[in-house]
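Following: one structure in structure tokens, then a few remarks.
Since we're looking at a predicted model, the values are computed, not measured. Only this structure's heavy atoms are used, side chains among them; waters, hydrogens and symmetry mates stay out.
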Amino acid sequence: MSAAIAAAPTSPRPGRVRPLAGIALRQYWVPGAILLLLALRIGVQIVYHYYGWADAVALRNHVGSQAYHFGRYTDDAHTMTAKLMDDGAMLVFQPALCAALLTGVLTAREWETRRVVLALTQTVTPRRWFGVRWATLAAVFVVLTVPLVALYRMSVGHALGLDLLTYGAERQNAYYTIGPVTVAYVLLGVAAGALTGTYLRRLWPTLVAAPLLTWLVAAVLVRSRAMLLLDLPVLGKVSEFHSGGVFGLMFYDALPQDALLTNVLVTGDYWPYQLASSALVLVVAALLTLAAFRVIRRRTA
């Protein structure tokens, strides 16, 4: 009898990570499905424009490089660069804002409906309950964002290698802005949503506060050029700050941009600049997440 009891499968404890992640996935399947459809739509557009580079090459071979870059044709450099910039605009910061909005709303909803009170009666600590839910949301956004970033990098790398883009700020933004830091911004959005949702605990204020905090943090990081402290070769290439825009910045879609910095970058600067920027953003995201856990501990003590 005792051997049979010992051999019987035991049900997973509520406090374990895997069951909690399963609960979160079941509860988030509707927004997850919507995000998947949006990601598929963006991916299809990027792939469609990628195959358009063949028409650009054919046009350049027909009219010559000078006319392709400075003339006006259906598939000239200006048109194709504009399409690439449109693809990038959907990736450069919108996923981060969406991550902040969704995480903040779902977190605030947990507090506002007092569903978290019921959950915490099931031997689950508050930190574990919210931590698993935030990690699940972060994983969903990362899984959907990484393939899109890879597709975009394939397209822009192909275009740059064949010299099919215009010369100037658009070319620099298209090539240097999107990459690993795009995924880091998504995690920053999740952290900002976690903090604002936990601190405010109300749906409507969080709708504004979560994306706003994400945007403000990104603006400060870009404006301060703090990433250059980790990318010293670029530090000596630029000294002055741009005088226009909010905080002295220009913008690529919703993402604040430092045009004077990106315009001095060369191809070899891409990975050091991206990795330095990503490391800085991830550190700030970790700090925001720790702050959210401190708020949880103080309010559930």
Side-chain angles (χ1 to χ4, degrees), residues 33-99 140-186 250-259 261-271 273-275 277-278:
I34 296 174
L35 292 173
L36 177 60
L37 292 176
L38 292 174
L40 288 174
R41 185 260 177 190
I42 295 172
V44 168
Q45 178 173 313
I46 294 174
V47 171
Y48 176 74
H49 287 164
Y50 174 80
Y51 285 105
W53 295 119
D55 296 329
V57 171
L59 175 64
R60 186 182 61 182
N61 293 339
H62 178 69
V63 302
S65 180
Q66 179 77 12
Y68 170 79
H69 281 96
F70 300 102
R72 285 294 182 266
Y73 299 92
T74 302
D75 297 315
D76 63 11
H78 296 88
T79 302
M80 298 303 293
T81 302
K83 290 181 180 180
L84 186 65
M85 292 292 287
D86 289 341
D87 293 343
M90 296 184 295
L91 283 178
V92 67
F93 206 54
Q94 290 182 20
L97 295 177
C98 183
V140 169
F141 275 101
V142 168
V143 166
L144 294 177
T145 303
V146 168
L148 297 179
V149 171
L151 286 174
Y152 180 85
R153 289 300 309 166
M154 181 178 67
S155 182
V156 71
H158 181 77
L160 191 72
L162 294 177
D163 193 24
L164 298 175
L165 301 177
T166 56
Y167 302 106
E170 286 190 337
R171 177 193 185 100
Q172 296 295 106
N173 273 342
Y175 186 78
Y176 295 101
T177 305
I178 296 176
V181 73
T182 308
V183 182
Y185 277 133
V186 167
M250 300 176 70
F251 298 91
Y252 180 12
D253 194 60
L255 178 68
Q257 279 290 290
D258 189 342
L261 174 59
T262 55
N263 285 345
V264 303
L265 298 176
V266 297
T267 305
D269 294 324
Y270 175 79
W271 281 108
Y273 177 71
Q274 280 283 321
L275 293 178
S277 301
S278 301

side-chain contact (heavy atoms from CB on, under 4.5 Å) with [X]: which residues, sequence neighbours excluded?
X: Ser277; result: Val181, Met227, Tyr273
X: Ala67; result: Val63, Tyr73
X: Ala77; result: Tyr68, His69, Thr166

For Arg153, all residues meeting side chain to side chain donor-acceptor pair (under 3.5 Å), sequence neighbours excluded
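Result, side chain to side chain donor-acceptor pair (under 3.5 Å) vs Arg153: Tyr270.
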How long is the span from the [atom1] atom in [X] to the [atom2] atom in [Y], to the nearest 0.5 Å?
X: Leu164; Y: Trp53; atom1: CG; atom2: CH2; value: 6.0 Å
X: Gln45; Y: Leu151; atom1: CD; atom2: CG; value: 12.0 Å
X: Glu170; Y: Met85; atom1: CD; atom2: CE; value: 5.0 Å
X: Leu35; Y: Leu40; atom1: CG; atom2: CG; value: 11.0 Å
X: Leu165; Y: Asn173; atom1: CG; atom2: CG; value: 12.0 Å
X: Leu97; Y: Tyr185; atom1: CG; atom2: OH; value: 11.0 Å

List for me each residue that meets salt bridge (Lys or Arg N to Asp or Glu O under 4.0 Å) alongside Asp253, sequence neighbours excluded, and say none if there are none.
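Once residues adjacent in sequence are excluded, Asp253 has no partner under the salt bridge (Lys or Arg N to Asp or Glu O under 4.0 Å) criterion.
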Partner set under salt bridge (Lys or Arg N to Asp or Glu O under 4.0 Å) for Asp163, not counting sequence neighbours:
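So Asp163 forms a salt bridge (Lys or Arg N to Asp or Glu O under 4.0 Å) with Arg171.
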Intermediate values then yes/no, side-chain contact (heavy atoms from CB on, under 4.5 Å), Val266 and Asp269
CA-CA 5 Å; Val266 297; Asp269 294 324; 3.2 Å; yes
Please find the pair of heavy atoms, one from [X] and one from [Y], that lie closest to each other, and give the distance.
X: Leu255; Y: Val92; result: CD2-CG2, 3.3 Å
X: Ala174; Y: Leu84; result: CB-CD2, 3.9 Å
X: Pro95; Y: Thr145; result: CB-OG1, 4.2 Å
X: Trp271; Y: Pro180; result: CZ3-CG, 3.5 Å

Take Asp55 and Leu59, measure what side-chain contact (heavy atoms from CB on, under 4.5 Å) needs, and give me the verdict at the end.
CA-CA 6 Å; Asp55 296 329; Leu59 175 64; over 6 Å; no
Should Thr267 and Tyr176 count as side-chain neighbours, where that means a heavy-atom distance under 4.5 Å?
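Yes, their side chains come closer than 4.5 Å.
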Side-chain donor/acceptor of [X] to backbone N/O of [Y], under 3.5 Å:
X: Tyr252; Y: Phe93; result: no
X: Thr182; Y: Ile178; result: no
X: Gln172; Y: Thr262; result: yes

Under 6.0 Å from the OH atom of Tyr48, do we count more than 12 heavy atoms belonging to anything else shown?
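No, the 6.0 Å shell around OH holds no more than 12 heavy atoms from other groups.
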